[in-house]
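Computation of the quantities below employed the complete heavy-atom set of this structure, encompassing side-chain atoms and omitting hydrogens, waters and symmetry-equivalent molecules. All chains are named by letter (A, B, ...) in the order of the sequence lines, taking the proteins before the strands, and each is independently numbered beginning at 1.
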There are 2 protein chains.
Amino acid sequence: MKEGPDIAHIAALIGDPARANMLTALMSGKALTATELAGEAGISAQTASTHLAKLSEGGLVVTRKQGRHKYSTLANDGVAHLLESLMGIAAKSGHLRTRTGPKDAALRKARVCYNHLAGDMGTHMYDSLMQRGLILHDETDLSLTQTGATFVSEFGIDLDTLQRNRAPLCRDCLDWSERRAHLAGSVGRAMLSRMIDLGWARRLENSRVIRFSSSGEAAFAKHFPL
Amino acid sequence: MKEGPDIAHIAALIGDPARANMLTALMSGKALTATELAGEAGISAQTASTHLAKLSEGGLVVTRKQGRHKYSTLANDGVAHLLESLMGIAAKSGHLRTRTGPKDAALRKARVCYNHLAGDMGTHMYDSLMQRGLILHDETDLSLTQTGATFVSEFGIDLDTLQRNRAPLCRDCLDWSERRAHLAGSVGRAMLSRMIDLGWARRLENSRVIRFSSSGEAAFAKHFPL
DNA sequence: CAAATGCTTCGCTTAGCATCGAACTATGAA
DNA sequence: TTCATAGTTCGATGCTAAGCGAAGCATTTG
C-alpha cells in the first residue's frame, strides 16, 4: 500500500504554524539562534527548543553550537526550494495572505530567498543573464558559460573559491510571487552579497525585504539589461 | 511577523498520513473516486469524504461529480511538482522508506508521475530530447523547438488539440528517485499515453509502476537515443 | 416502486501534540 | 565565586482533529 518515501512526516513538520514561521524566518539564509526563532514564531523558548529538535531530526534544519548559542540554518537548497514551492501554491490556492501589508509590495519587488535574490528583481536578473547567454541549462542543471564566468568574475566574485565547494554553482529556484525562475546556488548567493558590498542594496532588519538605493537600482539596471 | 503566504495550512493538509496516501495515489494522474481513495488510505468512506472536502477547499485537489461518483484529481501540475519535491526530501533526509520492497526497483525504473513518465526512463527521455535539440529552456519554461514539434507529431501526437488547452505544453518536473528533470506538461502526458497505445508499456494495477515489454523497451531506446 | 450503492453530515470518543511552568545544565561575564 | 543568559528536559494541561457509527441524501439498478 505504501509506495515511495514518507512525505506525511516531513509535511507535518512544516504543517505546524510555529515551525512554519521558524522555517520562513530561516529562508533569509541567516543562521538564527533558538531564542531568535522563538521570537519569530511567537512562542516560548522551551517550545522552540522541542520544535528545533524535531526539525533537525527530520533533516530540514541543521544546527551548530557556538559557545552558549545554537545556530540553526536550513539543511540545504532543496529545503529552501521546497518552501518556495509551498509558498507558490499557498499564494494562489485559496484564502490568501492573512494581511496584505505595505511590506508585501517590497517583498514582491526584492527579497532574499535562502541568501540569494528573489522577487521581481531576481527574475529580472535571471532573464538578463539567460538572454545574453551568460548562463544556460544543460539537461540537469544550470551552468555558467565561458562568457558568463568572466562576467561574474569581473563583477567581483572569486569563482575559484566557490568551486572548491561541492555544491552546484548555479541552480534555478521557482519564485512564489513571480512564478518564474531566479538564480540560486552559490553564484546566486555570491551575487547578492556582492551587491550589498557594493552598496547597491541592504537587507532590512527582521525581514526578507531587500531595499535597493536609487543609485543601486540604476547600477543594477545597467548591469542586467534586457 | 507574518510574511508571505500561509504555508503551514497547506503543509498540514499534506501532513496527515491518510491524506498523504490519497495524494500519492492521485500522483498516478488517474481520477479516483472517494471510495477508491478511502481504500488507498486505509480509512472509512466517511473519513475520506471529510478529507477530500479539506483537500479541495485547500486547492490541492479538484473534484468532478459524475452520476453518483465523485472523481478527484490533483488540482494542477504545481501540486504534483510539490509532492515530488517532498518525496525527494523525504527520501534522502532521515529514516527512509518504511519497507523497501521489490516494487521499489520497478518504481525507480519507470513510473507515472501525474500521468507523465518518471523514473530512470523518464529522465532518459528528457535527456535525449534535450540533447538532440527537440526541447529547450527559454527563460521561464520549457518549449518545443520546430524540429521537436515535427518529431512529436510524427510520434503520433496531435499538437493542435493539445495547444487548444491553456496549459503549458512542456514543463520540467524534478524526479525524486533520480533527482534530475523529466518531461511533464501536456506533451509529457501525451507521450506516455501514446507509448501505452503503441503497446510499448502498460500500467500496473493499483500502482504507479509502468512495465515496459522487452520489445517496447527496445523501441524506446531506438526512439530516444543518447 | 424498492433495493443497492456512493457520498455526506452529525455527534461522539479518543489520541496526539503544542504549549507553558518549573527545575536543571552549560557557557560566559563580573 | 556569584550572577546572568542560553538552552534543554520533565510533567501537566488543554485543544485540535482524526476516526467511526449511525442516519440521511442522491443516484442508479432491478
Can you name the side-chain hydrogen bond (donor to acceptor under 3.5 Å, both in side chains) partners of [X], sequence neighbours left out?
X: B:Ser213; value: B:Ser215
X: B:Thr73; value: none
X: B:Ser28; value: none
X: A:Ser153; value: none

(message) With side-chain contact (heavy atoms from CB on, under 4.5 Å) as the criterion, how do B:Phe220 and B:Met125 come out once you've worked through the C-alpha distance, each side chain's angles and the decisive distance to 0.1 Å?
(response) CA-CA 9 Å; B:Phe220 181 93; B:Met125 180 172 87; 3.9 Å; yes
Roughly how far, to the nearest 0.5 Å, is the [atom2] atom of [Y] from the [atom1] atom of [X]?
X: A:Leu117; Y: A:His124; atom1: CG; atom2: NE2; result: 10.5 Å
X: B:Ile196; Y: B:Arg202; atom1: CD1; atom2: CZ; result: 10.5 Å
X: B:Thr24; Y: B:Leu74; atom1: OG1; atom2: CG; result: 9.5 Å

(request) At under 4.0 Å between heavy atoms, which parts of nucleotides 4-16 of chain D does protein reach? Answer with one letter per nucleotide, 5' to 3': B base, S sugar-phosphate only, - none. (result) BBSSBB-------
(message) Without decimals, in angstroms, what is the distance between B:Arg19 CZ and D:dG19 C1'?
(response)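 Rounded to whole Å, this separation is 12 Å.
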(message) Reading DNA chain C from 5' to 3', where do the contacts with chain B start and stop? Cut-off is 4.0 Å to heavy atoms.
(response)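 Result: C:dA4 to C:dT9.
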